[in-house]
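Everything on this sheet refers to the single structure shown next.
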Amino acid sequence: MIEVQQVTKQFGAFTALEDVSFRVEAGEVYGLLGENGAGKTTMMRMMATILRPTAGNIEVAGFSVIKEPNEVRRRIGILFGGDVGLYSRLTARENIAYFGSMYGMDRTAIEHRIKRLSQMLEMDSFLDRRVGPFSRGMKQKVAIARTLVHDPQVILLDEPTTGLDVTAANMFRQMIGTLQAEGKTILFSSHNMGEIDKLCKRIALIHQGRLQYAGTLQKLREQYGMQDLDDLFMTVVEGSGR
Ligand SMILES: Nc1ncnc2c1ncn2[C@@H]1O[C@H](COP(=O)(O)OP(=O)(O)OP(=O)(O)O)[C@@H](O)[C@H]1O
Ligand SMILES: [Mg+2]
């Protein structure tokens, strides 16, 4: 469960997010939708306790990011798209294991978990190769495995399919389905409407730091009488007066 409670984030005089509230339930894949600069990454950074809200609070798995950041950190896995920041001289297995040890997992638990993730993500063929020369999609798979090594309850995915081909993106979606069936709470950010539509029933739509809509996609479509998500998004954004 993630509960965003009237969150505002300012960087100096600039307001990146203003009075945003929404709630993600356990076992749900929830979409965080918005254009470039909307505030998606900023929101996820606050959930991950990397940034502190200027006002308001966020509860992750029942713990406050402000009062109990360590409890929050233990229960979340974060994946940021783009540059995934792996150690290029280490193998895929070593990269994942390193993260496991940072979470205090023992060797056996780590090996067990890596085996499972490698199967899930189809990484067996390159698990023991150094990640330096890996393709973008291969690196992204390692980063996904690293995010999940400690079996987090809450999973934050910030544009995770960037750089994945159609096959890998499909595999990724399947994996999200598996995680959802395990009862995980999953927040998925994207500016790709089609992607959100495939994965999420409920979304929060943010435009220039303000929440424009939170609820089911179905209701949003009904409200505006539109099926096409791109059209819908543009209409909501234009109607926001910003
Ligand atoms: N550390 C920072 N200092 C100052 N401004 C920041 C900082 N981090 C983010 N911002 C600003 O906050 C706004 C929201 O940025 P954010 O990265 O959250 O957007 P986003 O929705 O993730 O965009 P994208 O789709 O491009 O990743 C932007 O205007 C950005 O310039
Ligand atoms: Mg971002």
Side-chain angles (χ1 to χ4, degrees), residues 2-24 29-58 60 65-66 69 72-73 76-86 136-137 139-140 143-144 146-147 152 154-164 169 172-173 176 185-200 202-215 217 220 229-242:
I2 307 170
E3 184 158 12
V4 180
Q5 303 160 339
Q6 297 180 288
V7 165
T8 294
K9 178 64 190 177
Q10 288 174 318
F11 295 107
F14 177 73
T15 305
L17 286 164
E18 192 174 350
D19 197 24
V20 175
S21 302
F22 62 92
R23 190 185 153 96
V24 185
V29 185
Y30 195 97
L32 185 58
L33 191 58
E35 296 176 307
N36 295 134
K40 304 180 296 293
T41 300
T42 302
M43 179 57 82
M44 287 205 177
R45 288 203 157 130
M46 288 190 286
M47 290 170 175
T49 78
I50 300 164
L51 286 175
R52 198 185 156 94
T54 309
N57 194 10
I58 306 174
V60 178
V65 296
I66 295 168
V72 171
R73 267 174 229 142
I76 55 161
I78 332 149
L79 177 70
F80 292 108
D83 186 8
V84 290
L86 300 166
R136 199 166 164 170
K139 281 184 180 157
Q140 191 66 357
I144 294 166
R146 187 180 65 174
T147 299
V154 176
I155 301 162
L156 309 175
L157 305 167
D158 192 14
E159 312 216 20
T161 48
T162 309
L164 295 185
F172 184 76
R173 275 194 288 275
I176 288 185
T185 307
I186 303 165
L187 182 66
F188 182 100
S189 90
S190 180
H191 48 248
N192 183 334
M193 318 301 149
E195 177 122 66
I196 292 272
D197 198 21
K198 277 187 190 130
L199 284 165
C200 313
R202 296 203 309 146
I203 62 157
L205 202 163
I206 297 178
H207 181 57
Q208 294 183 6
R210 299 244 186 120
L211 185 74
Q212 303 299 334
Y213 178 81
L217 271 169
L220 186 66
L229 211 48
D230 284 317
D231 291 347
L232 197 55
F233 181 75
M234 289 315 294
T235 307
V236 175
V237 161
E238 278 161 17
S240 75
R242 281 170 81 104

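Read the numbers this way: they start at 1 and go in the same order the structure lists the ligands and their atoms.
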**Fill in**
Report for the Mg ion (ligand 2), protein N, O or S closer than 2.8 Å, by chain and number, lists Thr41 OG1
**Donor-acceptor contact below 3.5 Å, side chain Gln6 vs main chain Ala55** = no
**Taking every non-hydrogen atom, the tightest pair across Ile206 and Ala38** = CG2-O, 3.3 Å
**Request:** Keeping to residues at least two apart or across chains, list the salt bridge (Lys or Arg N to Asp or Glu O under 4.0 Å) pairs with something in residues 190-199.
**Result:** Arg173-Glu195, Asp197-Arg221
**Request:** Could you label the plane-to-plane angle of the Phe172 and Phe188 rings as parallel, tilted or perpendicular, counting under 30° as parallel and over 60° as perpendicular?
**Result:** tilted
**Asked** Excluding sequence neighbours, so at least two apart, what forms salt bridge (charged side-chain N to carboxylate O under 4.0 Å, His left out) with Arg210?
**Response** Glu18
**Asked** Does Ile78 offer a backbone N or O that forms a donor-acceptor pair with the side chain of Thr147 under 3.5 Å?
**Response** yes
**Request:** Check Ser21 against Leu211 and note the closest heavy-atom contact, atom names and distance.
**Result:** O-CD2, 3.2 Å
**Request:** Search all heavy atoms of Ile186 against all heavy atoms of Val24 and return the closest pair with its distance.
**Result:** O-CG1, 4.1 Å
May I have the N/O to N/O pairs between ligand 1 and the protein that fall below 3.5 Å, each with atom names and distance to one decimal?
residue  : atom   : partner : partner atom : Å
ligand 1 : 18 (O) : Thr41   : N            : 3.4
ligand 1 : 18 (O) : Thr42   : N            : 2.9
ligand 1 : 18 (O) : Thr42   : OG1          : 2.6
ligand 1 : 19 (O) : Gly39   : N            : 3.3
ligand 1 : 21 (O) : Ala38   : N            : 3.2
ligand 1 : 21 (O) : Gly39   : N            : 2.9
ligand 1 : 21 (O) : Lys40   : N            : 2.8
ligand 1 : 21 (O) : Lys40   : NZ           : 2.9
ligand 1 : 22 (O) : Thr41   : N            : 2.9
ligand 1 : 22 (O) : Thr41   : OG1          : 2.7
ligand 1 : 23 (O) : Gly37   : N            : 2.7
ligand 1 : 25 (O) : Asn36   : ND2          : 3.1
ligand 1 : 25 (O) : Lys40   : NZ           : 2.7
ligand 1 : 25 (O) : Glu159  : OE2          : 3.3
ligand 1 : 26 (O) : Asn36   : ND2          : 3.1

**Asked** Is there a donor-acceptor pair under 3.5 Å between the side chain of Lys40 and the backbone N or O of Gly34?
**Response** yes
